[in-house]
Each structure stands twice: as structure tokens, then as C-alpha cells.
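Nothing fancy with the numbering, it's 1 onward along the sequence.
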Amino acid sequence: MFRTNTYSSLLGQRHLTSDDEKGSTDSLLVTESGQNPAQRRPRLHKLSWIVHGFSAIICLGLLLQLERSSMNCRSTCLRRFNTYSPVLEGIDTDFQEIRFKYSLWYQSPFKGPPTPEVEAAWQEIMQYGQISVTADDIVRIGQNLSSVKYPESAGGGYLATAMGTHAIHCLHYVWQDHHIDSLPEVHSKKQAIPEMYERHYEHCVDYIHQNLMCKFDTTIMPFNWVLDHQTPTPNGNTIHKCVNWGYLQDWLKHRAVPVPEGFKWHQPPDAVTLDWNP
């Protein structure tokens, strides 16, 4: 008939020790491959570090590529908004933010009656006026190789001036004319060649005007109320993006040609001359 269920006492069985339990557990955790997960753990830890290492290398590579792309972009933009010139090599693509000093009472080293200090300040920013460029540079700016060359004794290459330096020269010329009564040499020149002096002066005014229109400064200038003045006062103490002047001057310095003492220009016999002043 029906089999009667019986229960056996646990008292007669051997108690499992902790070692027995560990052994039983470990035996249950053995994988089909025959490896214990505890044995696989160091390998997984090592693999994780390898993956992290590769990820770090990839991220670093991407960052370097982005930085390189950013520099190339800035360089491309610089060339897009400027005609070809070797001087572009002297423009650091990281422009500097400079706050202009606008006050009528600002004591600029370039302002005031002529003194040795003021004149030295002007000469310092024009000191690398004449530089040497290559034949390729001359062709790429749309000129021909009949342009003036330095004699081999002076290092060779073609004579050139950065137009930025020329603009500063023109501003200096206007400043000198403003203070002509304090500059005997300038006064004597104006009396000796009045027509050429006037043409030079008007040329400088016109060249500065062309330069300012071409390189139009888009910085905006706000106005303030000052004391009890009933007219708004312009506040030109504004931040501008400027070239790294030291970096540029260093480039020009390495292209400047030191003129030997007593050197004088002489037109060579095979020179190709123009019919009139350009």
C-alpha cells in the first residue's frame, strides 16, 4: 500500500566544519572550464588596467589632435584675413588681450614734447624697419625680381619693410611735424624741400587713413557720465585682441639686415628702373 515516510535524526550525522563548508562552496563555484573565479580575479584586474591604459592613450591622442587642429585653424584664419607675407610667421596665433589706455591725461612714453626718452621710445618700435626676404616672397606678393636686392656683402636677399613698421614711421612723422618748433633738423628739412616735405606729410596722413580703414577695429567704446558734465564722455579704456609684440619683434630682429658702417646704396649697372615713383 502506501509507504510511510520516516524521519531520521540529525544528531547521528557529523557536523560540518568551516573548512568543510569552504571546500563544499569552492567545489560548487568551479566553472565548467575547471577554473575557480578566485583564480580568475587577478587576470580580470590586469585586463581592466590594460583597458584603462589604452583609453587614456586614446584620450591623450584626441586632445593633442584637437590642440593641433585649433592651432591650424588659428593659422588658417590669420592667412585668410591677410595677404601673403613672410611676416605672418612672426605673428603668434595666441593673440593677447590688452586694455588700451585712453585718458587724455595718460602719460604715454610716446606723447609730449620731444625728449631723448620719447624719441628713443619711437625708435625702439621702428628699429627693425628694413628686413631681408626671399625671391619667392617677392613673387608671392605680386612683384617681380627686378626689386632691390641687398649686396652680398650685406648678406643678400631682397630689401623689404613690414608695412606695420611703415605705418608707425608715418605716425612718427606726423608727431614730429606737430612738434617741429622743437626739432631743428625737421624744421630745416621742411625749409630745404618744402614740396617734398608736404607730399611726405600728406602721404603719411593718407596711408594711416588707409591702414585704419583696412584693419577696422571692431571693439566698441561705451560712454560715461563724468562729474557734472552734461555731455557723455567716451571711455576708450577697452580690451583689444593684439599681436604678441615681443614675439613679432623677435622675428623681425632675425630678418633685419645690419647695415655696415659707411654703407651707401648704389644702383647696379644691370638694374631695371621704373619710369616714376611707385
What is the minimum heavy-atom distance between [X] and [Y], and which atoms define it?
| X | Y | result |
| --- | --- | --- |
| H179 | G112 | NE2-O, 3.2 Å |
| T165 | T161 | CB-CG2, 4.3 Å |
| W265 | V148 | CZ3-CG1, 3.7 Å |
| V174 | C204 | CG2-CB, 4.4 Å |
| W175 | P113 | CZ2-C, 4.4 Å |
| Y128 | I131 | O-CG2, 3.8 Å |

Any chance [atom1] of [X] has more than 12 other-residue heavy atoms, nucleotides or ligands included, within less than 6.0 Å?
| X | atom1 | result |
| --- | --- | --- |
| K111 | NZ | yes |
| E202 | CD | yes |
| D275 | CG | no |
| M126 | CE | yes |
| H178 | NE2 | no |

#### Entry: Test log, rule side chain to side chain contact (heavy atoms under 4.5 Å, CB included), inputs K215 and N82
CA-CA 10 Å; K215 307 293 185 182; N82 291 275; 2.9 Å; yes

How long is the straight-line distance from [atom2] of [Y] back to [atom1] of [X], given to the nearest 0.5 Å?
| X | Y | atom1 | atom2 | result |
| --- | --- | --- | --- | --- |
| C170 | H200 | SG | NE2 | 5.5 Å |
| D137 | Q143 | CG | CD | 12.5 Å |
| S132 | H254 | OG | NE2 | 14.0 Å |
| Q210 | M213 | CD | CE | 9.0 Å |
| L252 | L248 | CG | CG | 4.5 Å |
| Q130 | L159 | CD | CG | 5.0 Å |

#### Entry: Verdict with reasoning, E97 to K241, per side chain to side chain contact (heavy atoms under 4.5 Å, CB included)
CA-CA 5 Å; E97 290 191 344; K241 284 280 190 176; 3.7 Å; yes

### Task
Step by step, work out the side chain to side chain contact (heavy atoms under 4.5 Å, CB included) result for N244 and D94.
CA-CA 8 Å; N244 185 326; D94 288 325; over 6 Å; no

### Query
Does the pair H166 and H169 meet the rule for a ring pair (Phe, Tyr, Trp, His ring centres under 6.0 Å), with working shown?
CA-CA 5 Å; H166 178 70; H169 151 76; 5.4 Å; yes

Do [X] and [Y] come close enough that some side-chain heavy atom pair is under 4.5 Å?
| X | Y | result |
| --- | --- | --- |
| L78 | L88 | yes |
| N237 | F100 | no |
| W245 | Q96 | no |
| W122 | I168 | yes |
| I141 | T83 | no |
| Q127 | Q123 | no |

### Query
K190 and D177: side chain to side chain contact (heavy atoms under 4.5 Å, CB included), yes or no, with the steps?
CA-CA 9 Å; K190 186 174 184 177; D177 185 79; 3.9 Å; yes

Name every donor-acceptor pair, under 3.5 Å, that has one atom in a side chain of residues 218-232 and the other anywhere in the protein, sequence neighbours excluded.
from, atom 1, to, atom 2, distance (Å)
T219, OG1, D217, OD1, 2.8
T219, OG1, H240, ND1, 3.3
N224, OD1, N235, ND2, 3.0
Q230, NE2, D228, O, 2.8

### Query
Centres of the Y197 and Y173 rings: under 6.0 Å?
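Between Y197 and Y173, the centre distance is under 6.0 Å.
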
### Message
Please determine whether a side-chain nitrogen of the Lys or Arg among K189 and E185 lies less than 4.0 Å from a carboxylate oxygen of the Asp or Glu.
### Response
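No, no charged N to carboxylate O under 4.0 Å.
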
Decide whether [X] and [Y] are clustered together by the hydrophobic rule: side chain heavy atoms of Ile, Leu, Val, Met, Phe, Trp, Tyr closer than 4.5 Å, transitively.
| X | Y | answer |
| --- | --- | --- |
| I125 | L212 | yes |
| Y247 | V87 | no |
| L183 | I193 | no |
| L171 | F110 | yes |

In a table with atom names and distances, give each donor-acceptor pair under 3.5 Å that connects a side chain of residues 256-263 to protein atoms at least two apart or in another chain.
none

